[in-house]
Amino acid sequence: MAKSALQIERAKYRPKLPDVIKGDVEVLKDVPTESIAEREEIKKLFPKTSGKSVVIFRRRDGKTEHPAVNAGVILSGGQAPGGHNVIAGLFDGIKRLNPGSRLYGFRMGPKGLVEHEYVELTAEIIDEYRNTGGFDVIGSGRTKLEKVDQFEKGREILDLLGIKSLVIIGGDDSNTNACILAEYYAEKNYDIRVIGCPKTIDGDLKNGMIETSFGFDTACKVYSEVIGNIQRDCNSARKYWHFIKLMGRSASHIALECALQVQPNICLISEEIEAKGLTLDEVVTSVASVVARRAEDGNNFGTVLIPEGLIEFIPAFRDLIRELNDFLSADDAEFKMIKKSEQVSYVTAKLSASNSKLYASLPDTVARQLTLDRDPHGNVQVSLIETEKLLAEMVAAKLSEWKSEGRYGGEFAAQTHFFGYEGRCAAPSNYDADYCYSLGYTASCLIGAGLTGYMSSVRNTTATADKWIAGGVPFTMMMNIEHRNGVDKPVIRKALVDLNGKPFGAFAANRDSWALNTEYVYPGPIQYFGPPSVCDRPTKTLLLEKS
Ligand code: FBP
């Protein structure tokens, strides 16, 4: 396989590990935990896996004999930089437990487990993928593991391969399913344990025990580099407003982190828009007002960052989406029979009066995008909704209205962008390379300790890697009950942007100045070689949260 010069050098990088897991470990257990909400319901639903303690590993001198283990690994959901290093850390970790240990990768996500598609991951394969982006070593997929027959099909292959521990690398939904699987196998007394790893560029799988999900660091750095380049272009040509939508699904963490890195003129934060109960027209008016004020200074250019999930946070849209979700999950077959050209009017007629009015008022493209297939977890695929175009068009319309009233005298030309796939498979930054390798290695320690129902947890990551804390958090501790796909379900709670948190606070304190003055920062590309102050720097979000 041909390789770039950077790939060749980067393959030699040795990810840093926390000191505590460099040798043999002993397990320290804290007090029993409870779920974050709906405690009684969660306890009833997960009698075997709830109530466990948080565990922390401490270094133990000497070498304990450990039998060889066979482990399985699955990459689940969207790609995130560093996944290969999680697998490499897991591989090295189980080999350290016993060189006779073996690792099997299930292909193309949870589907590989159910359909018995797998590969043994040998040292040769692992070495090919160290420190690389992507999930291509085994592929990923969004099959939802939720049915007993899937669990049983999984058990067949796990038994056949002698696999006693399965590691599922995924986001909140995939780890929720990992919890359900762990509970099922424990309840059935099968000799199979399930461990999770926090993955997603969205940054929304975090809490007191999980500092960040892997991939967030690299993806934000890639987007910030490109936004910085656009800002330089825009400050050079001085003729375009760039509307930039950023991946991240519901939460605005990516948009906020990029804003902290590049200091754009505007960054919309969905969680704030929801808290203020703003309408779409109010959002458009706020953007148009900044455009108009900058035009007064002769600055007919600027940047607007838009979180992918914005539309779901505008209260009227949220109600509409909720009704659409329930309606589509109940009447999907009937809906699919309707001719494409008639779908919008069909849906309009089915909705309640207020939702129907809003739906009918939308441009046809956006109305259609709102009814596209949900993902297997019942979420709207927000990446398919072109909010950046919708906003750019609506701001243009508002400005021409103001122009005709003599309230605006500038020039407005918009460019739209959507950044998501550009960053999801980037070569991991040092932070992600180290964090991921440590998460995988920690997962091997959880396997060595015979634990199930835990997510691998590496903390204190703003310190140097030798001081990181490694351990495990019970899945159930992060759970609550939410309304999904028309029913109430136990799920790991998504972390949205905290409007009282320091990252949002730092943004809010500066945004008025960034709006009017041109204070762009140009972060430049990720650096893999050079001073640690540049190469090992975590995200601004994490630094502020830990400050
Ligand atoms: P995960 O939550 O599975 O990590 O996915 C992240 C993500 O990149 C979101 O930001 C985005 O909305 C979604 O995946 C897009 O997924 P797909 O490419 O499968 O449509």
Side-chain angles (χ1 to χ4, degrees), residues 74-84 86 108-111 133-136 138-146 168-178 196-207 210 212-223 244-258 270-271 305-313 321 325 369-388 417-426 428 432 435-436 439 455 478 482 484 491-497 541:
I74 297 176
L75 289 163
S76 181
Q79 286 68 250
H84 289 156
V86 178
M108 303 312 293
K111 178 167 151 289
F135 279 4
D136 40 321
I138 46 173
S140 183
R142 293 196 184 276
T143 300
K144 196 172 154 93
L145 274 184
E146 59 178 352
I168 298 183
I169 302 172
D172 52 336
D173 288 331
S174 306
N175 276 288
T176 294
N177 292 343
C197 269
K199 170 237 66 167
T200 179
I201 59 163
D202 301 349
D204 57 6
L205 176 44
K206 63 175 173 182
N207 48 55
I210 303 294
T212 185
S213 54
F214 77 76
F216 176 70
D217 184 274
T218 310
C220 288
K221 284 174 179 161
V222 172
Y223 305 143
I244 306 167
K245 183 175 78 167
L246 292 155
M247 252 191 191
R249 214 187 275 282
S250 302
S252 308
H253 298 295
I254 293 185
L256 178 58
E257 171 62 24
C258 292
S270 308
E271 292 82 345
L305 306 191
I306 304 158
E308 187 178 59
L310 173 73
I311 213 152
E312 285 184 295
F313 285 77
I321 290 171
N325 283 350
Q369 285 158 6
L370 282 171
T371 60
L372 291 173
D373 280 347
R374 274 36 190 166
D375 75 6
H377 300 275
N379 305 314
V380 180
Q381 300 195 58
V382 275
S383 59
L384 302 177
I385 301 170
E386 294 177 314
T387 354
E388 71 284 17
H417 314 263
F418 168 37
F419 296 144
Y421 299 102
E422 294 79 352
R424 285 203 320 187
C425 280
D432 270 329
Y435 183 52
C436 289
L439 283 172
M455 187 183 287
M478 303 176 262
E482 288 177 22
R484 297 270 181 96
V491 291
I492 291 177
R493 186 188 278 172
K494 254 189 209 316
L496 300 178
V497 167
T541 302

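Everything numeric here is computed off the predicted structure, so don't read it as measured data. No hydrogens, no waters, no symmetry mates; every other heavy atom, side chains included, goes into these values. Counting starts at 1 for both ligands and their atoms, in listed order.
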(request) State the CE-CG distance between M455 and N207, to the nearest 0.5 angstrom. (result) 7.5 Å
(request) Determine the interplanar angle of the H417 and F419 rings, folded into 0 to 90°, and report it as parallel if under 30°, tilted if 30 to 60°, perpendicular if over 60°. (result) tilted
(request) With heavy atoms of G78 as the reference, note each atom of ligand 1 found under 4.0 Å away. (result) 1 (P), 3 (O), 4 (O), 5 (O)
(message) As an exercise, identify every atom of ligand 1 less than 4.0 angstrom from a heavy atom of G248.
(response) 10 (O)
(request) With heavy atoms only and a cut-off of under 4.0 Å, state how Q79 meets ligand 1: side chain, backbone, both or neither. (result) neither
(request) Measure the distance from atom 10 (O) of ligand 1 to every protein heavy atom, then report the residue, atom name and distance (to 0.1 Å) of the closest one. (result) D202 OD1, 2.6 Å
(request) Check whether any side-chain N or O of Y435 sits under 3.5 Å from a backbone N or O of T212 as a donor-acceptor pair, and report yes or no. (result) yes
(request) Look at atom 8 (O) of ligand 1 and find which of R142, R249, K199, R424 reaches it with the closest heavy atom. (result) R424
(message) Determine whether a donor-acceptor pair (N or O, by modelled atom type, separation under 3.5 Å) exists between the side chain of H253 and the backbone of G248.
(response) no
(request) Tell me, please: is G171 in heavy-atom contact with ligand 1, that is, under 4.0 Å? (result) no
(message) Among all the protein's non-hydrogen atoms, which is closest to atom 20 (O) of ligand 1, and how far away is it?
(response) Y421 OH, 3.5 Å
(message) Using a 4.0 Å cut-off to any heavy atom of G77, which atoms of ligand 1 qualify?
(response) 3 (O)
(message) With nothing but distance in play, are any N or O atoms of E308 less than 3.5 Å from an N or O of ligand 1?
(response) yes
(request) Would you kindly say whether S252 and S270 are connected by a side-chain donor-acceptor distance under 3.5 Å? (result) yes
(request) Look up atom CG in L145 and atom OG in S174, then write down how far apart they are to the nearest 0.5 Å. (result) 8.5 Å
(request) Using a strict 4.0 Å threshold on nitrogen-to-oxygen distance, state whether R484 and D173 make a salt bridge. (result) yes
(request) Examine the proximity of ligand 1 to T200 and report which part, side chain or backbone, both or neither, has a heavy atom under 4.0 Å away. (result) both
